[in-house]
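Only one structure is covered here, and it is reproduced in the block below.
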Amino acid sequence: QVQLVESGGGLVQPGGSLRLSCVASGSIISINAMGWYRQVPGNQRELVATITNRDSTNYADAVKGRFAISRDSAKNTVYLQMNNLQLEDTAVYYCNADISTWNFRILKGTYWGQGTQVTVSS
């Protein structure tokens, strides 16, 4: 059983900053790529940023230069530093991870957190 738990969302004014965290726990052997996605009601979930286990990163064009993804592999944690937040960044942010677990054999799966609300408003 694997759990991803996000934290750090909240209400911020335009131009402000927030830092999201996501901790993975459970019978984890290894974590490959981790990432952040976001979703606005009525829209599809969209990629924000991803990071591989070799720290290779990828960003959506809308957040390049403003957001930074990082990870602490020793803590099974991924972070998203969000700067210069804009109204259009308002969404529920979800953590995602590709994880190998052990249950009498190695199993690979993709897991999601429960989401954390980020609201940008003046």
Side-chain angles (χ1 to χ4, degrees):
Q1 194 81 348
V2 172
Q3 280 192 320
L4 300 181
V5 179
E6 301 109 331
S7 61
L11 173 64
V12 63
Q13 292 185 338
S17 297
L18 284 174
R19 189 190 194 209
L20 305 183
S21 300
C22 172
V23 181
S25 63
S27 302
I28 297 171
I29 293 177
S30 63
I31 301 178
N32 301 315
M34 302 185 80
W36 291 94
Y37 291 71
R38 66 187 182 187
Q39 188 170 22
V40 175
N43 289 3
Q44 288 189 333
R45 193 171 296 186
E46 63 178 16
L47 178 141
V48 176
T50 60
I51 184 167
T52 70
N53 55 2
R54 296 186 178 184
D55 291 336
S56 176
T57 59
N58 179 52
Y59 295 93
D61 288 343
V63 306
K64 282 181 180 176
R66 300 188 297 122
F67 291 10
I69 189 170
S70 61
R71 64 189 286 174
D72 184 336
S73 296
K75 296 181 179 180
N76 290 341
T77 301
V78 63
Y79 305 97
L80 186 68
Q81 178 66 43
M82 305 185 293
N83 298 326
N84 191 20
L85 283 159
Q86 304 299 311
L87 298 177
E88 54 268 29
D89 294 318
T90 296
V92 177
Y93 284 70
Y94 295 90
C95 175
N96 167 278
D98 293 329
I99 297 176
S100 295
T101 59
W102 174 257
N103 186 7
F104 301 105
R105 58 189 176 99
I106 296 175
L107 301 173
K108 293 184 179 180
T110 299
Y111 298 86
W112 292 90
Q114 80 287 352
T116 185
Q117 177 70 46
V118 171
T119 301
V120 184
S121 175
S122 56

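What you are looking at is a predicted structure, and each value in this text was computed from that prediction instead of being measured. One is the number of the first residue; the rest follow in order along the sequence.
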message: Looking at Tyr79, is its backbone amide N or carbonyl O close enough to the side chain of Gln81 to form a donor-acceptor pair, meaning the two atoms are under 3.5 Å apart?
response: no

query: Are the side chain of Glu6 and the backbone of Gly115 linked by a donor-acceptor contact shorter than 3.5 Å?
result: yes

field: Ile31/Asn53 under side-chain contact (heavy atoms from CB on, under 4.5 Å): CA gap, chis, key distance, verdict
entry: CA-CA 7 Å; Ile31 301 178; Asn53 55 2; over 6 Å; no

field: For Val120 against Leu87, the heavy-atom pair lying closest together
entry: O-CD2, 3.3 Å

Exercise: do Thr110 and Asp98 side chains pair donor with acceptor under 3.5 Å: yes

task: Would you check if Ile29 and Ile106 make a side-chain contact, meaning some heavy-atom pair closer than 4.5 Å?
output: yes

message: Around atom CD of Glu88, are there more than 12 heavy atoms from other residues, nucleotides or ligands closer than 6.0 Å?
response: yes

message: Is there a side-chain contact between Val40 and Thr90 in this structure, where contact means two heavy atoms from C-beta onward sitting under 4.5 Å apart?
response: no

- prompt: Which value, rounded to the nearest 0.5 Å, describes the distance between Asn32 atom CG and Thr52 atom OG1?
  reply: 9.0 Å

- prompt: What distance separates Cys22 SG from Tyr111 OH, expressed to the nearest 0.5 Å?
  reply: 13.5 Å

task: Measure centre to centre between the rings of Tyr37 and Trp112, then say whether the value is under 6.0 Å.
output: yes

statement: Closest non-hydrogen contact found for Cys95 with Val78 is SG-CG1, 3.8 Å

task: Ignoring hydrogens and angles, tell me if any N or O in the side chain of Arg71 forms a donor-acceptor pair with the backbone of Ala33 under 3.5 Å.
output: no

query: Hey, are the side chains of Phe67 and Leu80 touching, using non-hydrogen atoms and a 4.5 Å cut-off?
result: yes

- prompt: Closest heavy-atom contact between Ser122 and Pro14?
  reply: N-CD, 3.8 Å

field: Side chain Ser121, main chain Thr119, donor-acceptor under 3.5 Å
entry: no

message: Heavy-atom count check: over 12 atoms from other residues, nucleotides or ligands less than 6.0 Å from Gln114 CD?
response: yes

field: Which atom of Arg38 lies closest to which atom of Ala91, heavy atoms considered
entry: CB-CB, 3.8 Å

task: Mind listing the closest non-hydrogen atom pair of Arg66 and Asp89 along with its distance?
output: NH1-OD2, 2.7 Å

query: From Ile51 CD1 over to Ile69 CD1, what is the distance, rounded to the nearest 0.5 angstrom?
result: 5.5 Å

message: Can you confirm whether Asn96 sits close enough to Leu4 that some side-chain heavy atom of one is under 4.5 Å from a side-chain heavy atom of the other?
response: no

task: Would you indicate whether the side-chain heavy atoms of Trp36 and Leu20 approach each other to under 4.5 Å?
output: yes

- request: Measure the spacing between CZ of Arg19 and OG of Ser70 and express it to the nearest 0.5 Å.
  value: 6.0 Å

- request: Compare all side-chain heavy atoms of Ile28 with those of Asn76 and state whether any distance is below 4.5 angstrom.
  value: yes

- prompt: Cluster question for you: counting only ILVMFWY and a side-chain heavy-atom cut-off of under 4.5 Å, with indirect links fine, are Val23 and Val118 together?
  reply: no

task: Drop me the distance from Tyr93's OH to Met82's CE, to the nearest 0.5 angstrom.
output: 5.5 Å

message: Please find the pair of heavy atoms, one from Leu18 and one from Leu85, that lie closest to each other, and give the distance.
response: N-CD1, 3.8 Å

- prompt: To the nearest 0.5 Å, how far apart are CG in Leu107 and OG in Ser100?
  reply: 8.5 Å

